[in-house]
2 protein chains.
Amino acid sequence: MAVRVGVIGGGQLARMMIAPAVELGLDLRVLAEGEGMSAQLAATRVGDYRDLETVRAFAKDVDVITFDHEHVPQEVLRALVADGVEVHPGPDALQYAQDKLVMRTKLAELGVPQPDWAAVHDTAELQAFLDDHGGRAVVKTPRGGYDGKGVMVVADAADAAAWFGDFDALLVEELVSFSRELAQQVARRPRGEVVAYPVVETVQRDGVCAEVIAPAPEASDRLVRVAEEIGRQIADGLGVTGMLAVELFETTDERLLVNELAMRPHNSGHWSQDGAVTGQFEQHLRAVADLPLGDAAPRAAWSVMVNILGGPADSTIDERFPAAMAAHPDAKIHTYGKASRPGRKVGHVNVAGDDLDDVVYDARAAAAYFA
Amino acid sequence: MAVRVGVIGGGQLARMMIAPAVELGLDLRVLAEGEGMSAQLAATRVGDYRDLETVRAFAKDVDVITFDHEHVPQEVLRALVADGVEVHPGPDALQYAQDKLVMRTKLAELGVPQPDWAAVHDTAELQAFLDDHGGRAVVKTPRGGYDGKGVMVVADAADAAAWFGDFDALLVEELVSFSRELAQQVARRPRGEVVAYPVVETVQRDGVCAEVIAPAPEASDRLVRVAEEIGRQIADGLGVTGMLAVELFETTDERLLVNELAMRPHNSGHWSQDGAVTGQFEQHLRAVADLPLGDAAPRAAWSVMVNILGGPADSTIDERFPAAMAAHPDAKIHTYGKASRPGRKVGHVNVAGDDLDDVVYDARAAAAYFA
């Protein structure tokens with residue numbers, strides 16, 4: 001019988017697991033938050049992922065549980081493990097993606113390079129950190145942040161006063177002087193096998209990933225090696241299973257510092273669907289099902305991914321499709337089946353080729369049809 | 001709203017449309033012959049495709065009808081068209097893929113190169129053809145043949161006597177002295193746009209496609225051009241919409257002769273899933289939904305597809321998966337979710353790369369795990 005992989009969460013990451021699951025012959029089942037989600041086609045149950053009994057009922061009919069997002073509460077995850085359910089990544093690993101203070105503490109123990117940081121419990125402690133770091137710093141809520149939410153640059157500790165009411169402690173990090181942002185992805189099986197993707201450059205706009213270039217242009221052999229080592233060290237050190245994305249700053253003095261972690265397929269890896277021998281969604285499924293990992297090598301000299309963000313409410317992605325396809329027959333357009341709202345990620349475009357300038361131009365031009 | 005594409009037939013061709021449909025944001029719906037078919041995930045209805053009311057009810061909820069196979073009766077297709085349903089390919093085109101005598105007659109009209117052939121109504125007429133063609137020929141039933149069924153090499157007209165009982169006339173063709181078999185695929189939109197894939201070499205074993213090499217090795221520019229012209233001429237001349245596969249003989253005197261036609265994604269094009277910018281299943285969906293066609297260029301110097309045929313009844317493809325994946329991390333293994341029976345097509349392996357010998361070896365070795 002086909003291995004049954006249960007995905008908690010019905011967003012676009014679950015949706016993009018459907019294609020490789022079909023080809024691999026895995027039986028993909030999704031616990032969706034509601035009707036009509038991105039991953040609707042594979043949704044076998046609708047319910048609240050914070051409710052243990054809902055999740056338990058879903059888990060009963062699958063061989064392994066994995067995730068579209070990192071929001072399933074630890075107590076739910078730990079109850080599943082106690083029930084004997086295979087959960088990948090498991091709660092011990094996932095806690096580091098759920099709580100940024102726990103993550104910073106652990107990475108410090110592992111000796112992984114990261115920005116200066118501190119746990120601050122009140123505005124006085126925050127002000128002390130600011131005073132020590134040139135008067136400005138990044139404050140983050142330990143939990144609940146994504147796509148720029150729960151993150152604030154402050155020059156005055158009073159700006160973060162409201163957040164102290166919601167959390168015991170906040171994370172404060174030095175404002176890193178970086179030349180660019182990179183992302184390193186690795187996949188790790190439960191039995192320990194790790195495969196690394198080439199490090200990529202990510203371009204953020206308004207705190208949201210806008211564009212990814214794979215591999216990172218003008219990356220020295222040393223940079224590529226160090227990024228891969230960081231990815232492997234974190235995957236092993238944290239016991240990650242499935243895909244791990246490590247967001248990195250490349251500093252102006254040529255160091256790599258860990259910014260954020262994600263333990264699932266990640267926007268920085270969408271290029272691999274069309275640009276790598278094994279795309280990240282296939283790789284995640286292989287890893288969580290404890291199947292041998294696939295080749296993560298690029299299939300072209302350059303791959304570029306450009307996100308499609310929702311445009312005006314009166315137009316739909318479907319209407320703009322034909323013109324984009326006609327003008328860019330080599331572009332791979334991926335849609336998430338989501339209603340378009342300004343700024344919402346509703347799809348992305350991948351282009352691969354030999355000439356970086358051409359590939360960047362082509363991917364941006366195709367995505368621009370949806371802007 | 002997403003375009004709803006209805007596929008009649010729930011086999012592996014419908015199954016392999018699921019992945020590109022999800023990424024393109026098309027709403028794929030399948031009328032399956034039964035429960036648990038290959039394309040089960042997208043099956044919205046189970047029923048008999050020969051029954052007009054069943055097909056009508058299915059067609060009511062889709063924007064366009066296409067096919068997993070060519071067996072839907074003409075009267076059902078024509079009733080749908082009379083109802084105002086978009087059907088691609090339509091009955092006027094599909095008749096040429098359904099009846100080999102009708103096909104041979106039409107190709108003769110178009111002046112497309114084909115083997116010597118005749119419609120024979122009895123053993124006397126067949127014997128006359130044999131006498132004119134060196135005493136041996138290929139006899140085919142006009143309808144109902146596939147994968148070597150309904151095809152027989154005869155040296156004595158009496159061998160075909162039984163078949164004359166079932167059909168008004170049989171097709172007889174000269175036994176072509178060929179050096180190899182090729183296949184040319186093209187896609188055509190309802191509005192006439194045509195895109196051609198590179199001609200490929202197909203290797204048959206026991207009348208079943210075993211292996212495909214893309215593009216066809218040692219093909220001269222002239223051969224590539226003539227094959228493409230034949231594909232375009234047939235697509236235009238027969239009014240094909242969707243994917244068309246033209247099976248060709250390359251003769252020992254370097255001519256190309258049309259062997260068979262298929263108006264759907266075809267085994268000779270499975271390599272394109274991983275080896276072309278636009279795979280044939282995506283291309284078929286684009287064409288039948290009348291969306292702009294994608295780039296059909298290869299993504300690697302060489303792509304090789306090897307079919308996985310069912311092995312001993314006591315082993316399943318799932319059990320052999322991990323060993324094959326471990327030994328061949330660059331192989332793309334596609335499974336059809338079908339019970340394994342000796343000789344049944346249950347999946348295929350695609351490998352792409354720069355060195356043909358390596359690619360052939362790798363694809364065969366990966367597929368051999370399932371033998």
Side-chain angles (χ1 to χ4, degrees), chain A residues 1-3 15-28 38-42 193 195 273-275 277-278 282 286 289-297 299-300 316-318 321-338 346-348 350-353, chain B residues 1-3 15-28 38-42 193 195 273-275 277-278 282 286 289-297 299-300 316-318 321-338 346-348 350-353:
Chain A
M1 198 169 76
V3 174
R15 178 190 181 93
M16 290 188 273
M17 293 178 204
I18 296 173
V22 168
E23 299 306 318
L24 288 173
L26 298 172
D27 182 355
L28 195 76
S38 268
Q40 170 76 24
L41 182 62
E193 183 195 358
V195 162
Q273 288 177 298
D274 301 296
V277 174
T278 309
E282 176 179 344
R286 287 179 178 229
D290 204 13
L291 290 166
L293 300 179
D295 186 351
R299 299 174 45 151
T316 75
I317 191 168
D318 296 333
F321 233 88
M325 292 168 92
H328 299 278
D330 61 334
K332 307 312 293 177
I333 304 171
H334 300 263
T335 64
Y336 303 161
K338 289 159 71 169
V346 294
H348 66 271
N350 286 333
V351 177
Chain B
M1 200 170 78
V3 175
R15 177 190 180 93
M16 290 188 274
M17 293 179 204
I18 296 173
V22 168
E23 298 306 319
L24 287 173
L26 299 172
D27 182 356
L28 195 77
S38 268
Q40 170 76 22
L41 182 62
E193 183 194 358
V195 162
Q273 288 177 299
D274 301 296
V277 174
T278 308
E282 176 180 344
R286 287 179 177 229
D290 203 14
L291 289 167
L293 300 179
D295 186 351
R299 299 174 45 150
T316 75
I317 190 169
D318 297 331
F321 234 87
M325 292 168 93
H328 298 279
D330 61 335
K332 308 311 294 177
I333 305 171
H334 300 263
T335 63
Y336 303 161
K338 289 157 73 170
V346 294
H348 65 271
N350 287 332
V351 177

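Quick note on labels: first sequence line is chain A, next is B, and so on, each numbered from 1.
- In this structure, A:D295 CG and B:H328 NE2 are separated by 13.0 Å, a value rounded to the nearest 0.5 Å.
- Heavy atoms closer than 4.5 Å to chain A are found in the backbone of B:A331, but not in its side chain.
- Only the side chain of B:E282 comes within less than 4.5 Å of a heavy atom in chain A; its backbone stays farther off.
- When every heavy atom of B:L291 is checked against every heavy atom of A:P322, the shortest pair comes out as CD2-CG, 3.8 Å.
- Looking at B:L41, the atoms closer than 4.5 Å to chain A (heavy atoms on both sides) sit in the backbone and in the side chain alike.
- Ranked by heavy-atom pairs under 4.5 Å with chain B, the list A:T278, A:L293, A:V195 is led by A:T278.
- Residue A:A352: no heavy atom, backbone or side chain, is found under 4.5 Å from chain B.
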Identify each donor-acceptor pair in which a side-chain atom of residues 19-28 of chain A lies under 3.5 Å from a protein atom, sequence neighbours left out, and give them as a table.
residue : atom : partner : partner atom : Å
A:E23   : OE1  : B:H334  : ND1          : 2.6
A:D27   : OD1  : A:R29   : NE           : 3.4
A:D27   : OD2  : A:R29   : NE           : 3.3
A:D27   : OD2  : A:R29   : NH2          : 2.9

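- By number of non-hydrogen pairs under 4.5 angstrom with chain B, the leading residue of A:R15, A:R286, A:M325 is A:M325.
- Heavy atoms of B:E193 lying under 4.5 Å from chain A are absent altogether.
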